[in-house]
Enquirer: 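Just passing along the structure, written as structure tokens.
Computed from a predicted structure; not experimentally measured. All values below come from the heavy atoms of this structure, side chains included, with hydrogens, waters and symmetry mates left out. We're numbering straight along the sequence, starting at 1.
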Amino acid sequence: MELFGSSGIRGVALRYLTPALVLDIAKAAGTVWDADRVAVARDTRTTGELFANAAASGLAAVGCDVDRLGVVPTPAVGNYCESAGVPAVLVTASHNPPEFNGIKLVGDDGVELSVDVLERIERRVLDDEYDRADWREAGATTPVEGAVDDYADQLIDAVDREAIADADLTVAVDPGHGAASVASPRIYRELGCEVLTVNATPDGHFPGRDSEPVPENLADLRRLVATSEADVGIAHDGDADRAVFVDEDGEFVDGDTSFAAMADACLNSGDAVVSAVNVSQRLVDVCAANDADLELTPIGATNIITRTRDLHEEGTNVPIAGEGNGGVFFPPYRLSRDGAYIGARFLELLADADGAPVSEVVAPYSDYHFVRANVEYDDDERDEMLSAARAYVETADAEPNTTDGYRLDYGDAWVLVRPSGTEPKIRIYAESADAERAERLAQDMRVAVESGR
């Protein structure tokens, strides 16, 4: 697809992502959906209101009435869509820096659109082909209150509230000034936890930390956990569809580790897990131990959703899916990532651990060392850099997996190189039980990629 990447459309606001482009995407979506009503929502970014207005205008121009939800977490949008039976245009750039913004499209079942529907919408944009309402058919706009309240109530009812409350947990929450600020602290309090917060004021400038919940951005949360004797820290990205964790000592818990721990708790023989091609060996081992299949897709939520749906139609149970960046799906709950729900499921793990701290709960899944590196490029460098990566892969002593980029498996270690679907970067991932080996694999690949400049 030319417009939609692995997680919708993203770009620098008012440079790549313009009101005119958002207007056209909304008109195309409204045309393909052929819906009477469509919701519009956004995260806390400073350009969010501008683009939400453009989206509402585009939808109204093709005859759709518009429900304006305001600032809400992405999973709350999914909950609203499912309960109201309407699709949505969501203005968000998730974990990207504050100068970015983006568009996600959610169906009336509360799930991000599949690849085939996105392709139909994209084709409408590229062909400039939309329904056109006259002045008598233009849609009306209605502000909607209570979407966050309904979402929080539904989530709380979906987890073991009694067990979590009985565990008497102290939880430190870092919403990163994003959409989780309006939901997650409240949800964990209502689950019976004592809640401490940092960076919890909604602010699209992200003054306390960058939006991506990676170790280098979580110093405030790690310090808060360590100094307050909290049991666990939970951090979200800008639109609150991811959750990562900090243990009782303020140490970051790798997302692949928490994913493996949660998978181990819910898998049975014959189940399947859907993950991306950068899957950790930790999850491979958990699937093998539980006699469960592991299905790999190209990186990105859209691809994982599409494959999970296919497996459900085939009669295969998929209790968990996702990636090691904190974006985990629990399909029996909803086929969408939900940062607050992910956090609540992790609290259930702690409640079942009879007082064991986070570090002990995740210890069985912490054997591998994971390295991630990004190589930025200018537009005219991309193809040559990818060609250099391909040449390196072709000479390697391993069979490449080309599901998405190139993954080389060495038995005890692996390395993956692929272009980002949302930013001008080539991403490199490597993993091994030997930290030096993982670092060396990533560095060798980086040298090869940069030789193509």
Side-chain angles (χ1 to χ4, degrees), residues 159-160 163 232 243-245 247 251-297 299 304 307-308 310-312 314-333 335 337 341-372 398-399 401 403 407-416 429-435 437-438 441:
V159 297
D160 192 341
V232 63
V244 297
F245 305 97
D247 74 13
E251 295 299 319
F252 180 77
V253 177
D254 188 279
D256 285 304
T257 298
S258 55
F259 185 12
M262 290 185 287
D264 204 9
C266 65
L267 283 174
N268 293 301
S269 178
D271 288 343
V273 179
V274 180
S275 191
V277 71
N278 61 339
V279 63
S280 168
Q281 188 68 31
R282 294 160 241 212
L283 188 61
V284 174
D285 292 345
V286 164
C287 288
N290 287 281
D291 191 28
D293 293 328
L294 179 61
E295 297 271 343
L296 298 186
T297 74
I299 290 172
I304 292 172
R307 184 57 185 149
T308 301
D310 289 345
L311 288 170
H312 280 166
E314 296 168 9
T316 301
N317 184 45
V318 183
I320 191 168
E323 298 174 278
N325 60 5
V328 178
F329 299 79
F330 292 89
Y333 168 67
L335 189 50
R337 298 178 298 190
Y341 183 78
I342 297 164
R345 291 294 294 262
F346 196 78
L347 296 182
E348 287 184 339
L349 278 186
L350 298 184
D352 290 340
D354 295 326
V358 172
S359 59
E360 290 185 17
V361 171
V362 302
Y365 317 98
S366 303
D367 293 339
Y368 278 67
H369 183 75
F370 183 79
V371 178
R372 174 177 174 174
E399 186 70 25
N401 180 315
T403 299
R407 175 175 168 132
L408 295 172
D409 284 293
Y410 293 93
D412 64 333
W414 60 269
V415 62
L416 168 71
Y429 311 84
E431 187 180 39
S432 174
D434 182 334
R437 179 158 170 72
L441 285 171

Enquirer: Would you find a donor on one side and an acceptor on the other, under 3.5 Å apart, between the side chain of S275 and the backbone of L296?
Expert: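 Judged by distance alone, no pair lies under 3.5 Å.
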Enquirer: State which residues pass side chain to side chain donor-acceptor pair (under 3.5 Å) with E251; sequence neighbours excluded, sorted by chain then number.
Expert: none
Enquirer: Does E348 reach the main-chain N or O of D160 with its side chain, forming a donor-acceptor pair under 3.5 Å?
Expert: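 Confirmed, E348 side chain pairs with D160 backbone.
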Enquirer: Measure the spacing between CD of Q281 and CG of D409 and express it to the nearest 0.5 Å.
Expert: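 Reported value, rounded in 0.5 Å steps: 8.0 Å.
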Enquirer: Drop me the distance from N325's CG to I299's CD1, to the nearest 0.5 angstrom.
Expert: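 Here the interatomic distance stands at 9.0 Å.
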Enquirer: List the atom of A321, the atom of F259, and the distance in Å for their closest heavy-atom pair.
Expert: C-CZ, 3.7 Å
Enquirer: Is the closest side-chain heavy-atom distance between W414 and L441 below 4.5 Å?
Expert: no
Enquirer: Roughly how far apart are S269 OG and N290 CG, rounded to 0.5 Å?
Expert: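 Answer for the OG-CG pair, S269 versus N290, is 8.5 Å.
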Enquirer: What closest approach, in Å, do T257 and S366 show between heavy atoms, and which atom pair accounts for it?
Expert: CG2-OG, 3.6 Å
Enquirer: Which value, rounded to the nearest 0.5 Å, describes the distance between L267 atom CG and L283 atom CG?
Expert: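 The CG atom of L283 is 8.0 Å from CG of L267, to the nearest 0.5 Å.
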Enquirer: Can you find a heavy atom in the side chain of V358 that is under 4.5 Å from one in the side chain of F245?
Expert: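 No, too far: nothing below the 4.5 Å cut-off.
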Enquirer: Between A430 and A438, what is the shortest heavy-atom contact and its length?
Expert: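 Closest heavy-atom pair between A430 and A438: CB-O, 3.5 Å.
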Enquirer: Hey, does the side chain of R407 reach the backbone of V279 with a donor-acceptor pair shorter than 3.5 angstrom?
Expert: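 Yes: the side chain of R407 pairs with the backbone of V279.
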Enquirer: Pick from V274, T316, I304: which one makes a side chain to side chain contact (heavy atoms under 4.5 Å, CB included) with E295?
Expert: V274
Enquirer: For a 4.5 angstrom cut-off between non-hydrogen side-chain atoms, does F330 reach I342?
Expert: yes
Enquirer: Dump the intermediate steps for side-chain contact (heavy atoms from CB on, under 4.5 Å) on Y368 and D256, then the final yes or no.
Expert: CA-CA 10 Å; Y368 278 67; D256 285 304; over 6 Å; no
Enquirer: How long is the span from the CG atom in D264 to the SG atom in C266, to the nearest 0.5 Å?
Expert: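 Rounded to the nearest 0.5 Å, the CG-SG separation comes to 8.5 Å.
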Enquirer: How are the rings of F370 and Y429 set to each other: parallel, tilted or perpendicular (split at 30° and 60°)?
Expert: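 The arrangement is tilted - the two ring planes meet at 30° to 60°.
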Enquirer: Can a side-chain donor-acceptor contact be found between D434 and S432 if the only test is distance below 3.5 angstrom?
Expert: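 No, no side-chain donor-acceptor contact under 3.5 Å.
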Enquirer: Rounded to the nearest 0.5 Å, what's the gap from CG on N278 to CD on E431? Could you check?
Expert: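 That separation rounds to 9.5 Å.
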Enquirer: Do the non-hydrogen side-chain atoms of F346 and V362 ever get within less than 4.5 Å of each other?
Expert: yes
Enquirer: Please find the pair of heavy atoms, one from A243 and one from G343, that lie closest to each other, and give the distance.
Expert: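 Taking every non-hydrogen atom into account, CB-N, 4.2 Å.
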Enquirer: Indicate the atoms forming the closest heavy-atom contact of V361 with P364, along with that distance.
Expert: O-CD, 3.5 Å
Enquirer: Measure the shortest side-chain to side-chain distance between L349 and R345 over non-hydrogen atoms and say whether it is less than 4.5 angstrom.
Expert: no
Enquirer: Quick one: does F329's side chain get under 4.5 Å of T308's, heavy atoms only?
Expert: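 Contact flag for F329/T308 side chains = no.
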Enquirer: Measure across C287 and V273 and return the closest heavy-atom pair with its distance rounded to 0.1 Å.
Expert: SG-CG2, 3.8 Å
Enquirer: Find out whether H312 and V318 are in side-chain contact, i.e. whether some heavy atom of one side chain is under 4.5 Å from a heavy atom of the other.
Expert: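 Yes, at least one pair of side-chain atoms sits under 4.5 Å.
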Enquirer: Determine whether V371 and H369 make a side-chain contact, defined as any pair of heavy atoms from C-beta on separated by less than 4.5 Å.
Expert: yes
